[in-house]
J.: 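Got a structure for you, questions after.
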Amino acid sequence: MSELAMLSKAMFQERKDIIFSILGGFIAGIAGVALFSASGYLIAQTVFAPPLYTLIILTSLVKFLGFLRSSSRYGERLYTHRATFSILSRLRTSFFSKLIPLTPGILNKNRSGDLLARIVGDVESLQNYFLRVAYPPLVVIMVFLATVLFTASYSFWIAGLLVLGMLMTSLVVPGIVLLGQRKIHERVREQRSKLSTEITETLYGFRDLKIYGQLAQREEQLQHYSASLAAEQQRAAKQLLLGQSMHVFVTFFMAWGVLTLSAYLIMDGRLAGVFLAMLVMATQTVFEESAALAVLPAYKQDSEHAAHRLTETIPSQATTLRLSKSESLPTDLPVSIEISNATYQYEGEWRPALMNFSLHLAAGSKTAIVGPSGSGKSTLIELLLKLRTTTSGNIRINKVLINELEEANIWELTNVVLQQSHFFKGTLRENLLEDADEHFDEELMEVLAKAQLPNVSLNQEVYEKGENLSDGEKQRLALARAMLRKGLLWLLDEPTSSLDYVTEQRVLKQLYEQASGDTLLLICHRLTGLERMDQIVVMEQGEIVEIGSFTELMEQKGYFYKLKQIELQMIGESGV
Amino acid sequence: MKRSKNLIAQHMSAQRKYLVLLGIISFALGTAIVGQAALLAEAIQRIFVEKASFSSVAMILGMLLAIMALRTLLSFVNGRIGLHMAATAKTNMRESVLHNLTRVSMGLSLQGQTGERVSVALDAVDEADSYFSQYIPKMVEAMIIPILVLIVTFTQHANSGWIMIFTAPFIPIFMILVGLKTKNKSEEKYAQLAHFSGTFLDSLQGLVTLKIFGRTQRQQQEIERSSLNYRDTTMDILKIAFMNTFMLESIVMLSIGVVALELAIQLVVYKSMAFHTALLVLLLVPEFYNLLKNTGTAFHSGRTSMGAIRKVESMLEKNRVEAHVRDGNDQMPNVQISHAIPLPVPPSIELKNVRFQYAPDSFEFHSGSVFLKPGDNIAIVGKSGAGKTTLLHLIAGLLKPDSGIILVNGNPLSQDNEEVWFKHVSYITQHPHIFAGTFAENIAIGAGRDVSRAEIEKAAEEAGLTAVAAQLDKGFDTFVGEGGRGLSGGEKQRLALARAFLKRPAIILFDEPTVGLDLHTESILQRSISTLSKTSTMITVAHRLYTIQHATNILFVDHGSIVDSGCHEELLKRLPQYAEMVAVQQKGGLA
């Protein structure tokens, strides 16, 4: 439960707001009890026909208490919500820092893209922990104890009765709610995710389902899931309603109990009748104020579930192995890479993505990797970037084992274009991901022009995930991003797949000029322009099928030659 | 606005009897509330003022407890009815959404936004819950009980009743005023809020990029900054809402105070009133105002719900328009086609002036007149974006033409006979969908009938999948697809072939792969396609010269229309664009 620990820490850091919240809640609660007690006392006093000024004083007191209650309630709300949002902010930043060392490793267990959205949602439901779970009982108990002390000064027995009632509202009622809830909530979540998965699958496979005449059957199944989801949800809501109703009845029952007990005490002469209305009103109010306790189990469970899920996805023992000794690479020498017998298997996959893979990249050499999709090309780049660690075998950069190198050191050294480059909401300048003060605008524009994006404005807005950019624009921007860096190793994963032939050649020309002395590894989907490569590696299913220069491979008439023949058949794709 | 009322009205009228029931129970609940106050006042009167003996109040105390239990029970039942209504409404609403999703034509399904639709089917429908479970019961209660309380108050002490009547309207008026203000303010800040909350997700998704570029530290600060901005902006809105509550509570308090003061004056100064009556009124007044105040909360959640219902409705509406257009098309003269359509023998297909648009003002496709002979080997050729796939989908019957007609063996293809038609069609796409299920189930889906294990294994063998099945830990019974074992692109392609081998269709639609397949799959693909095409009409979106040269008929597509058709040599001679395309590509490839 390290997440709850993280939560407690975040809550502790917001202690000032929390103290104000508790104070506000306490004053509001007490003022409420006092307000209704005073009203009860006031009405009872009228029986004795007191002088008018007594009434005026009492009425003013009631007004004052009412005002005090509303205003401290206002303060309480303000501070609790402020604290809640501050906690959220702390949770987000600490989760982000926790996720940094775990990416992208965390993403291969659960490949469905909504994992991250789920983390966001879970963190958000954790923020409710303070507002709905941690804080209400604290205030309720304080207000209640004060009321018990107050009533004890009139009758020990009544105070005792209140304690009994409090145990019922704080333990018995939530306990009963919790009893049924755990299983029901589990089922609701299960049904909901099942329905969601099935609908998504139906939409994705729509075309195939339609052709294979499976849609009617699918719909029937979906309707079935939908009905059982609604039924489970209804059951969960019923359980909550039951809790609320039981709480209301306990409130009534306690008011009744105090009334009956007081009646007995009054007739016995042990309590003055004038306090009767006051005590009944006080009881009713203090129990009404504790209504939050009845629904608390539901929120508690949600938070715990969220915390549990987060612990599952994010192992608490941050798996980054501290380096025993860390070597650092010189940043002015071309890089050589030696991969020997590297094997990598994604968690939960049935065959390795890379198997006994050995390759030497000499300093300053240019290598291209080709092969069908899914042959392990991108995995290789991720291994070289130390984003993943080989299952077996090892990789040396400049003769140093990659395990002994700081990740940041490797990244500083490389100019990378990943297959899927991410763009952030902001300006184009910000998306070049370089510190603005390091580069003049002219310099940035020059690089953009080299990447064949000559007429863009640095202040142009970029939407979330670069939604307003075409695939080609994204690729050119990613290339510009890489070209702005000063690394000596280029790792490029299909950087030009969405560009037309002419643009592709122009960009690559600029790129090769800049990288002339550097080591370069290019994964490419098209087999054009490979003549200038020192070596071409042909991969299939995680293994090297062929290796050699363009002319060598063409003369061999092997795998590469046949792939080339297929490509030569391609028509109509020159496109844009 | 009107439409959302329609959907709500539709669901409400289906549940009218529950509404009546809610009314009856609310009335009983009101009576119980009044009864409880009366009995409590009576008990206090006897114990405190009359100093009666315990036994004489025992009866009243007993009744009080009973009525308290009854009151709890009644409001529980009201809640239950609300929940029941919500469950029924949700099930029905989701039923129409699901029905809609599975009936919608390909055109819409291709427009993507899968996430958005799933969210409508799940989240929006769930959000509709509180309209039925909270808003409706609370509104019914608020319409009946306060009036009941008011009437009782009038019979006891008219002055208090008048005070209540005059002060009560301030509550809704005030709520509406402040509600409008918060709404404006929150709408104003909505974009800002969305931006703040998006930063976290955006940063998580881009974490790899951020890492490599050494920007994580900065991004962490950015998250903190935007979260705090989010807090401050939200607090600005909440402050107004809290102020609203504060003022509302003050109004209620003031009103109760006025009633109490008037009562006190009657009691003490004029001595014109019994203690019992005064107490009863004073107990009823807070109930009255509380009910009105609760309406505010219910109203708020009701409005959020209505927004969600509107979302559901606009989706249903959008697709209904689509269906309507289609209905118009279905009124073809020839009706008894459903059995007349295809035979296991390849049919002839004819397109007559088919027009199609994905959305108004978007790319339009126009077919002109095309006749495809039975058993033909047809290649659709053109630049990317010219409309090749659209044409394929139109022939497949996956897209419904906006106008024009598609004739199969001389009979129009329509919604009524599409089931028969699809029984004879296979579509081999570049990215076949693998369903969550076993390997065998994924092949068997192609057959559309019960098939034996032997048939499945034979189809798998023909598609070169036997070795793959042998590698899998449970062979043909291994789970594949989402949540199961992953298959490579080549294996998926072969699985699509196995589906076709099992089905033995009369028409094969084939989206020829571009690059990215392994040589093994390539050779199996070529062999399989030539086997399958012997017994069927083959329609290929062609990317390869070899395929085009071997086609009996080439449809050359450019800018959304079929420019010309004929065999390779014919087109090379008479169509310069075609010749140019073939030449350019070959040059590019050789460069």
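Chain letters run A, B, ... following the sequence lines, proteins first and then strands; every chain starts at 1.
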J.: At a heavy-atom distance under 4.5 Å, which candidate from A/Val280, A/Val545, A/Val248, A/Val47 has the highest pair count against chain B?
T.: A/Val47
J.: Any idea which of B/Met243, B/His520, B/Lys271 has the most non-hydrogen atom pairs under 4.5 angstrom with chain A?
T.: B/Met243
J.: If I measure from the heavy atoms of chain B, does A/Gln223 come under 4.5 Å with its side chain, its backbone, both, or neither?
T.: both
J.: Run B/Asp126 and A/Arg192 through side chain to side chain contact (heavy atoms under 4.5 Å, CB included) and show every step you take.
T.: CA-CA 10 Å; B/Asp126 273 350; A/Arg192 204 165 190 281; 2.8 Å; yes
J.: Counting heavy-atom pairs closer than 4.5 Å to chain A, which one of B/Ile44, B/Thr88, B/Leu207, B/Leu267 comes out on top?
T.: B/Leu207
J.: Parallel, tilted or perpendicular: which one describes the rings of B/Phe242 and A/Tyr74, with boundaries at 30° and 60°?
T.: perpendicular
J.: Calculate, to the nearest 0.5 Å, the distance between atoms CZ and CZ belonging to B/Phe200 and A/Phe95 respectively.
T.: 7.5 Å
J.: CZ of B/Phe275: more than 12 outside heavy atoms within 6.0 angstrom?
T.: yes
J.: Let me know if A/Leu563 has heavy atoms under 4.5 Å from chain B in its side chain, its backbone, both or neither.
T.: both
J.: Applying side chain to side chain contact (heavy atoms under 4.5 Å, CB included), name anything that partners A/Gln234, two or more places apart in sequence or on another chain.
T.: B/Leu83, B/His84, B/Ala87
J.: Below 4.5 Å from any heavy atom of chain B, which atoms of A/Ser71 appear? Answer side chain, backbone, both or neither.
T.: both
J.: Within a strict 4.5 Å, meaning less than it, do heavy atoms of the B/Glu249 and A/Arg69 side chains meet?
T.: no
J.: Side chain, backbone, both or neither: which part of A/Leu78 has an atom under 4.5 Å from a heavy atom of chain B?
T.: both
J.: Is it the side chain or the backbone of B/Gln217 that comes within 4.5 Å of chain A heavy atoms, both, or neither?
T.: neither
J.: Does the structure place the NZ or CZ of A/Arg485 under 6.0 Å from the centre of the six-membered ring of B/Phe213, at an angle of no more than 45° from the ring's axis?
T.: yes
J.: Below 4.5 Å from any heavy atom of chain B, which atoms of A/Leu42 appear? Answer side chain, backbone, both or neither.
T.: neither
J.: Select one option (side chain, backbone, both, neither) describing which atoms of A/Ala44 are under 4.5 Å from chain B's heavy atoms.
T.: both
J.: Chain A: which of B/Asp129, B/Leu472, B/Leu509, B/Leu263 shares the most heavy-atom pairs with it under 4.5 Å?
T.: B/Leu472
J.: Any chance you could measure A/Arg207, atom CZ, to B/Leu398, atom CG, to the nearest 0.5 Å?
T.: 7.5 Å
J.: What part of A/Leu418 gets closer than 4.5 Å to chain B, counting heavy atoms only: side chain, backbone, both or neither?
T.: side chain
J.: Between A/Gln541 and B/Asp518, is any side-chain donor less than 3.5 angstrom from a side-chain acceptor?
T.: no
J.: Under 6.0 Å from the CZ atom of A/Phe253, do we count more than 12 heavy atoms belonging to anything else shown?
T.: no
J.: How close do B/Met235 and A/Arg82 get, heavy atom to heavy atom, and via which atoms?
T.: SD-N, 3.7 Å
J.: Name the region of A/Thr59, side chain, backbone, both or neither, that has any atom closer than 4.5 Å to a heavy atom of chain B.
T.: side chain
J.: Taking only residues two or more places apart in sequence, or in another chain, which ones meet B/Arg544 in a side chain to side chain contact (heavy atoms under 4.5 Å, CB included)?
T.: A/Ile566, A/Gln569, A/Met570, B/Glu512, B/Pro513, B/Glu522, B/Gln526, B/Thr547
J.: Measuring heavy-atom distances to chain B, does A/Val62 have an atom under 4.5 Å in its side chain, in its backbone, in both, or in neither?
T.: neither
J.: Pick whichever of A/Leu88, A/Thr84, A/Val274, A/Leu385 has the most heavy-atom pairs under 4.5 Å with chain B.
T.: A/Val274
J.: Measuring heavy-atom distances to chain B, does A/Arg351 have an atom under 4.5 Å in its side chain, in its backbone, in both, or in neither?
T.: side chain
J.: Shorter than 4.5 Å, heavy atoms on both sides: which option in A/Ser70, A/Ser373, A/Ala230 has the most such pairs with chain B?
T.: A/Ser70
J.: To the closest 0.5 Å, what do you measure between CG (B/Leu238) and CZ (A/Phe85)?
T.: 5.5 Å
J.: Can you tell me how far apart CH2 (A/Trp350) and CG (B/Leu487) are? Round to the nearest 0.5 Å.
T.: 7.0 Å
J.: What's the shortest heavy-atom distance between B/Thr216 and A/Phe96, and which atoms?
T.: O-CE2, 3.7 Å
J.: Output the option from B/Leu65, B/Ile223, B/Ile256, B/Leu64 having the highest count of non-hydrogen pairs under 4.5 Å with chain A.
T.: B/Leu65
J.: Which pair of heavy atoms, one from A/Lys63 and one from B/Gly257, lies closest together, and at what distance?
T.: NZ-CA, 3.2 Å
J.: Looking at every heavy atom in both B/Met253 and A/Gly66, which two are closest together, and how far apart are they?
T.: SD-CA, 2.9 Å
J.: Is the closest side-chain heavy-atom distance between A/Tyr559 and B/Leu519 below 4.5 Å?
T.: yes
J.: Please give me the minimum heavy-atom distance between B/Thr72 and A/Ser245, naming the atom from each residue.
T.: CG2-O, 3.2 Å
J.: CG of B/Leu122 to OG1 of A/Thr200: how many Å apart, nearest 0.5 Å?
T.: 8.0 Å
J.: For each of B/Val268, B/Ile212, B/Thr91, B/Ile47, tally heavy-atom pairs with chain A at distances under 4.5 Å, and name the one with the top tally.
T.: B/Ile212
J.: Given side chain to side chain contact (heavy atoms under 4.5 Å, CB included), test A/Phe423 with B/Thr209 step by step and report yes or no.
T.: CA-CA 9 Å; A/Phe423 296 94; B/Thr209 306; over 6 Å; no
J.: Checking A/Leu55 against chain B: side chain, backbone, both or neither under 4.5 Å from a heavy atom?
T.: side chain
J.: Determine whether more than 12 heavy atoms belonging to other residues, nucleotides or ligands lie under 6.0 Å from atom CE of A/Met267.
T.: yes
J.: Considering all heavy atoms of both residues, which atom of B/Leu98 and which atom of A/Glu219 are nearest to each other, and what is their separation?
T.: O-CG, 4.2 Å
J.: Counting heavy-atom pairs under 4.5 Å to chain A, which of B/Pro286, B/Gly206, B/Ala69 comes out on top?
T.: B/Gly206
J.: As an exercise: rank A/Glu540, A/Lys238, A/Gln244, A/Met281 by heavy-atom pairs under 4.5 Å with chain B and give me the winner.
T.: A/Lys238
J.: Counting heavy-atom pairs closer than 4.5 Å to chain B, which one of A/Leu222, A/Val502, A/Thr414 comes out on top?
T.: A/Leu222
J.: Contact part of A/Ala263 toward chain B, heavy-atom cut-off under 4.5 Å: side chain, backbone, both or neither?
T.: both
J.: Assess whether side chain to side chain contact (heavy atoms under 4.5 Å, CB included) is satisfied between A/Arg77 and B/Phe246, documenting all intermediate values.
T.: CA-CA 10 Å; A/Arg77 289 191 180 119; B/Phe246 172 69; over 6 Å; no
J.: Carefully, step by step, assess B/Phe435 and A/Leu209 under the rule side chain to side chain contact (heavy atoms under 4.5 Å, CB included).
T.: CA-CA 10 Å; B/Phe435 295 96; A/Leu209 285 171; 3.6 Å; yes
J.: Does NZ or CZ of B/Arg71 come closer than 6.0 Å to the centre of the six-membered ring of A/Phe252, within 45° of the ring's axis?
T.: no
J.: Considering only heavy atoms and a distance below 4.5 Å, find which of A/Gly374, A/Ser86, A/Ala227 pairs most often with chain B.
T.: A/Ser86
J.: Do the side chains of B/Leu101 and A/Thr202 get nearer than 4.5 Å, heavy atoms only?
T.: no
J.: Between atom CZ of B/Arg231 and atom NE2 of A/His81, what is the distance when rounded to the nearest 0.5 Å?
T.: 13.5 Å
